Chemist: 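Take this structure, written in structure tokens, and hold onto it; I'll ask about it next.
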Amino acid sequence: MEAFRPSSQDTAETPCPSCGAPIRTASIGRRRRVQCPKCRAVVELRAPGKPAPSLAPIEAAATGELWDPAAKIAALEARVAALEAAAKAGAGALPLEIIIQRPERKWKWLAHSDRHDDETVPTNIAEVFLQNLRNYDGQTITIQIAKNDPHVVARAMALKAVFDRADWTVFGPGEVTPRHSDAGLFLAIGSLPLPPAAAAVYFAMTTSGFTLESFLDPKLGDDETVLIVG
């Protein structure tokens, strides 16, 4: 049998992609690899009309690296994450959110004594009363005096000073017609249940040793609290 020899019609020249030297090959209907006679590079050829393969696998093989699309995507995602982190770091610290928490309520207790009836509030009693009032800071109270008596006025002003130190809003003292002639401290409210300020005053004063009587006054509003000094 006569050996097959390709004719000139069955051969073609393809330039080497590395050095440009012509490579004569037989016409092929499928791709094949040949070696360039000049630079000895391995060239992959395709049949005419077919697109040339990507050089990325060949380049990766030449450098010893494997072409891994998933790895490329992961690398890009890591880079984006690094850029976002850098952007956040460069933006500067955000303003700190200021959270003011009320300290735990602490109570002090005093038994009643004759000193609670003085026209001035003794220092030790005033400090206990102040501590107990501060458990309810921000409340509002009206102080009134039952009669225009120097002793009563001085006592009302002394009590007002403690309320002021406890950050309460205080109106008065103002003079009113006495409900009765008895001396003492009276808490007037407009309705039940007790308004928050009334409950706070009652508890803060009684725990501090003051004797306090309470009564309903229909002329007062539902949220009004009046401390009457008699």
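Predicted model, so just to flag it, every value in this text is computed and none were measured.
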Chemist: Do Val153 and Asn148 touch side chain to side chain, with heavy atoms closer than 4.5 Å?
Modeler: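 Counting from C-beta outward, Val153 and Asn148 do come under 4.5 Å.
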Chemist: What pairs with Asp117 under salt bridge (charged side-chain N to carboxylate O under 4.0 Å, His left out), at least two apart in sequence or on another chain?
Modeler: Arg155
Chemist: If every non-hydrogen atom of Val152 is compared with every non-hydrogen atom of Val229, which pair is closest and at what distance?
Modeler: CG1-O, 3.1 Å
Chemist: For Leu185 and Met205, what are the C-alpha separation, side-chain angles and deciding distance, and is it a side-chain contact (heavy atoms from CB on, under 4.5 Å)?
Modeler: CA-CA 10 Å; Leu185 299 174; Met205 296 197 78; 3.5 Å; yes
Chemist: Quick one: which residue pairs count as a side chain to side chain donor-acceptor pair (under 3.5 Å) with a foot in residues 214-230, not counting sequence neighbours?
Modeler: Ser191-Asp222
Chemist: Do the side chain of His112 and the main chain of Gly209 share a donor and acceptor less than 3.5 angstrom apart?
Modeler: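 Yes.
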Chemist: Between Thr120 and Ala158, what is the shortest heavy-atom contact and its length?
Modeler: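 Taking every non-hydrogen atom into account, CA-CB, 4.1 Å.
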Chemist: Hey, does Val170 have a side-chain heavy atom less than 4.5 Å from the side chain of Ile143?
Modeler: yes
Chemist: Decide side-chain contact (heavy atoms from CB on, under 4.5 Å) for Ile145 and Lys147; before the verdict, give the C-alpha distance in whole Å, the side-chain angles of both, and the deciding distance to 0.1 Å.
Modeler: CA-CA 6 Å; Ile145 54 176; Lys147 54 187 176 180; over 6 Å; no
Chemist: Working note: Asn132 + Lys108, criterion side-chain contact (heavy atoms from CB on, under 4.5 Å); need CA distance, chi angles, decisive distance, verdict.
Modeler: CA-CA 7 Å; Asn132 294 339; Lys108 294 183 179 180; 4.2 Å; yes
Chemist: Taking the side chain as every heavy atom from C-beta outward, state whether Pro15 and Pro22 have any atom pair closer than 4.5 Å.
Modeler: no
Chemist: What's the separation between atom CG in Leu227 and atom CD1 in Ile141, rounded to the nearest 0.5 Å?
Modeler: 4.5 Å
Chemist: Using the ring centroid of each side chain, check whether Phe129 and Phe163 are separated by less than 6.0 Å.
Modeler: yes
Chemist: If every non-hydrogen atom of Ala198 is compared with every non-hydrogen atom of Leu187, which pair is closest and at what distance?
Modeler: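 Shortest heavy-atom separation between Ala198 and Leu187 comes out as O-CD2, 3.6 Å.
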Chemist: Measure the spacing between OH of Tyr202 and CD of Glu213 and express it to the nearest 0.5 Å.
Modeler: 9.5 Å
Chemist: Would you call the rings of Tyr136 and Trp107 parallel, tilted or perpendicular, where under 30° means parallel and over 60° means perpendicular?
Modeler: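 Answer is tilted, since the angle falls between 30° and 60°.
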Chemist: Evaluate the side-chain proximity of Leu110 to Thr207: yes if any heavy-atom separation is below 4.5 Å, no if none is.
Modeler: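 The answer is no, as the side chains (C-beta and beyond) never meet within the 4.5 Å cut-off.
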Chemist: Please tell me if the side chains of Leu192 and Leu216 come closer than 4.5 Å, counting only heavy atoms from C-beta onward.
Modeler: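 Yes - at least one pair of side-chain heavy atoms lies under 4.5 Å apart.
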Chemist: Could you tell me whether the side chain of Phe203 reaches within less than 4.5 Å of the side chain of Leu194, counting heavy atoms only?
Modeler: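 A side-chain contact under 4.5 Å is absent here.
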Chemist: Would you mind listing every side chain to side chain donor-acceptor pair (under 3.5 Å) that reaches into residues 158-175, with sequence neighbours excluded?
Modeler: Glu127-Arg165, Lys160-Asp164
Chemist: Donor-acceptor check, side chain of Asp118 to backbone of Val121, threshold 3.5 angstrom: yes or no?
Modeler: no
Chemist: Can any side-chain N or O of His116 pair as donor or acceptor with the backbone N or O of Ser208 at less than 3.5 Å?
Modeler: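 Present.
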Chemist: I want to check something: taking the side chain as every heavy atom from C-beta on, are Pro122 and Ile125 in contact at a cut-off of under 4.5 Å?
Modeler: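 Result yes, sub-4.5 Å side-chain heavy-atom pair found.
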Chemist: Ala146 and Gly230: which non-hydrogen atoms are nearest, and at how many Å?
Modeler: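 Looks like CB-CA, 3.8 Å.
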